[in-house]
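Chain naming here is simple, since letters A, B, ... match the order of the sequence lines and numbering starts at 1 in each. Note that the structure is predicted; figures quoted are calculated from it, not measured.
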Number of protein chains: 2
Amino acid sequence: MHILGTVKDGDVFRAIADPTRRKILDELTERDDQTLFEICSRLTMRHQITSSRQAISQHLELLEAAGLVVSRRDGRYKFHSINPAPLEQIVERWLNRRTKESS
Amino acid sequence: MHILGTVKDGDVFRAIADPTRRKILDELTERDDQTLFEICSRLTMRHQITSSRQAISQHLELLEAAGLVVSRRDGRYKFHSINPAPLEQIVERWLNRRTKESS
DNA sequence: TTGATAGGCAAGTGACTGCTTGCATATACT
DNA sequence: AGTATATGCAAGCAGTCACTTGCCTATCAA
């Protein structure tokens, strides 16, 4: 079912519960394969986020644990990309389950 | 944009961040138009949730503030239903934004 | 009116969370 | 080797969150 090993279901929901982490996902949606420092500077410039490097690092760690971010090592750089697949369970769970037209 | 008055964007994400609230949404997906007591007893029996009435009431309050639950008064009863529409912003934001095929 | 039922309000509490701070490791450059 | 760069680890702190507790209001039936 899961590509990665130990991803609990609740991790995805907790991951997107934080506004800064949602901005990180937005940023990775715009541009893939970014390092931690790239994400930090782009968040500051484009999204008015003033979080520190360590804060963003911890957010990325949590996003990766939830399966929403995948990373690739290249020397001292670590490139991050988004993987929106785990979000599809939300669609399956409440949006596709029943056709609800009368609001 | 929003049908209801003051629903902040973050409210939806915070609402589904809690496992008990997700179970409430599941229960309302299965059966619509339930009172607080009905939801409580069905959560206990069918989902092994042992939360108190007050706890469920507060969860419903939060879900309603997020626009995910709508309610209707009838005498001393208050019937709750699910409204999954606010969840569609998640699809729009990260799943429909870009066609990402190469994982 | 009295009692029972369905729900609401609000203060207090323990646990969790996001962030900081300080240091450590690893890679690259000269 | 020595320095700078990129990231990782872990303890501590302040704010938030879910839950409880106790009391209150409203509706219905006798």
Side-chain angles (χ1 to χ4, degrees), chain A residues 8-28 31-45 47-66 68-81, chain B residues 8-28 31-45 47-66 68-81:
Chain A
K8 291 182 206 151
D9 279 7
D11 292 347
V12 176
F13 298 99
R14 204 166 78 78
I16 61 174
D18 183 83
T20 302
R21 285 196 288 270
R22 293 197 294 273
K23 292 286 186 184
I24 292 176
L25 292 180
D26 289 340
E27 179 53 40
L28 289 177
R31 176 193 275 242
D32 233 333
D33 227 39
Q34 294 193 60
T35 68
L36 172 59
F37 271 49
E38 283 174 331
I39 295 170
C40 283
S41 64
R42 287 174 68 97
L43 280 177
T44 304
M45 292 186 295
H47 300 273
Q48 284 79 33
I49 288 181
T50 58
S51 301
S52 68
R53 176 188 65 84
Q54 291 86 345
I56 303 297
S57 175
Q58 287 169 0
H59 282 313
L60 284 170
E61 201 173 351
L62 206 150
L63 285 167
E64 197 164 0
L68 287 169
V69 161
V70 290
S71 64
R72 145 182 94 79
R73 263 279 179 198
D74 187 16
R76 57 177 161 173
Y77 299 102
K78 187 179 179 189
F79 296 95
H80 303 267
S81 298
Chain B
K8 293 181 204 151
D9 280 8
D11 291 347
V12 177
F13 298 99
R14 203 166 78 77
I16 60 174
D18 182 82
T20 301
R21 284 196 290 269
R22 293 197 295 273
K23 291 286 186 184
I24 292 175
L25 292 180
D26 289 339
E27 179 52 40
L28 289 176
R31 175 192 275 242
D32 233 333
D33 227 38
Q34 294 192 60
T35 68
L36 172 59
F37 272 49
E38 282 174 331
I39 295 170
C40 283
S41 62
R42 287 174 68 97
L43 281 177
T44 304
M45 293 187 294
H47 300 273
Q48 284 79 33
I49 288 181
T50 58
S51 299
S52 67
R53 176 187 66 85
Q54 291 85 346
I56 302 297
S57 175
Q58 285 169 0
H59 283 313
L60 283 170
E61 201 174 350
L62 206 150
L63 285 167
E64 196 164 2
L68 288 169
V69 161
V70 291
S71 65
R72 145 182 96 77
R73 263 278 179 197
D74 187 15
R76 57 178 162 174
Y77 299 102
K78 188 178 179 189
F79 296 94
H80 303 268
S81 299

Taking only side-chain N and O atoms of A/K78, does any of them lie within less than 4.0 angstrom of OP1 or OP2 on D/dG8? yes
Does A/H59 make a side-chain N or O approach to OP1 or OP2 of C/dC19 shorter than 4.0 Å? yes
Between the base of C/dT5 and the side chain of B/R76, is one N or O donor paired with an acceptor at under 3.5 angstrom? yes
Please write out each protein N/O paired with an N/O of nucleotides 20-22 of chain D under 3.5 Å, distance rounded to 0.1 Å.
| unit_1 | atom_1 | unit_2 | atom_2 | d |
| --- | --- | --- | --- | --- |
| D/dT20 | OP2 | B/S52 | OG | 2.7 |
| D/dT20 | O4 | B/Q58 | NE2 | 3.0 |

Taking only N and O in the side chain of B/R21, is any of them less than 4.0 Å away from OP1 or OP2 of D/dA18? yes
Could you spell out the base pairing of DNA chain C in dot-bracket, with Watson-Crick or G-U pairs whose two distances are under 3.5 Å, [ ] crossing and | to another strand? ||||||||||||||||||||||||||||||
On the nucleotide C/dG8, are OP1 or OP2 found under 4.0 Å from the side-chain N or O atoms that B/S57 carries? yes
Side chain A/R22, main chain A/I16, donor-acceptor under 3.5 Å: yes
Provide, to the nearest angstrom, the distance between the CD atom belonging to B/E64 and the P atom belonging to C/dG7. 13 Å
In whole angstrom, what separates A/R22's CZ from C/dG18's C1'? 14 Å
Checking B/T35 side chain against B/K78 main chain: does a donor-acceptor pair fall under 3.5 Å? no
How close or far is atom P of D/dG15 from atom CG of A/D18, stated in whole angstroms? 17 Å
What is the distance from CD1 of A/I56 to P of C/dT21, rounded to the nearest Å? 15 Å
Expressed in angstrom and rounded to an integer, what is the separation of B/E61 atom CD from C/dG7 atom P? 14 Å
For A/L36 and D/dT7, what is the distance between atoms CG and C1' respectively, to the nearest whole Å? 7 Å
Evaluate side chain to side chain contact (heavy atoms under 4.5 Å, CB included) for A/D18 paired with A/L62, printing each intermediate quantity in order. CA-CA 11 Å; A/D18 183 83; A/L62 206 150; over 6 Å; no
Grab the CD1-P distance between B/I24 and D/dA18 for me, whole Å please. 11 Å
Would you say D/dA18 has OP1 or OP2 under 4.0 Å from some side-chain N or O of B/R14? yes
Could you check how far OH of B/Y77 sits from C1' of D/dA29, rounded to whole Å? 11 Å
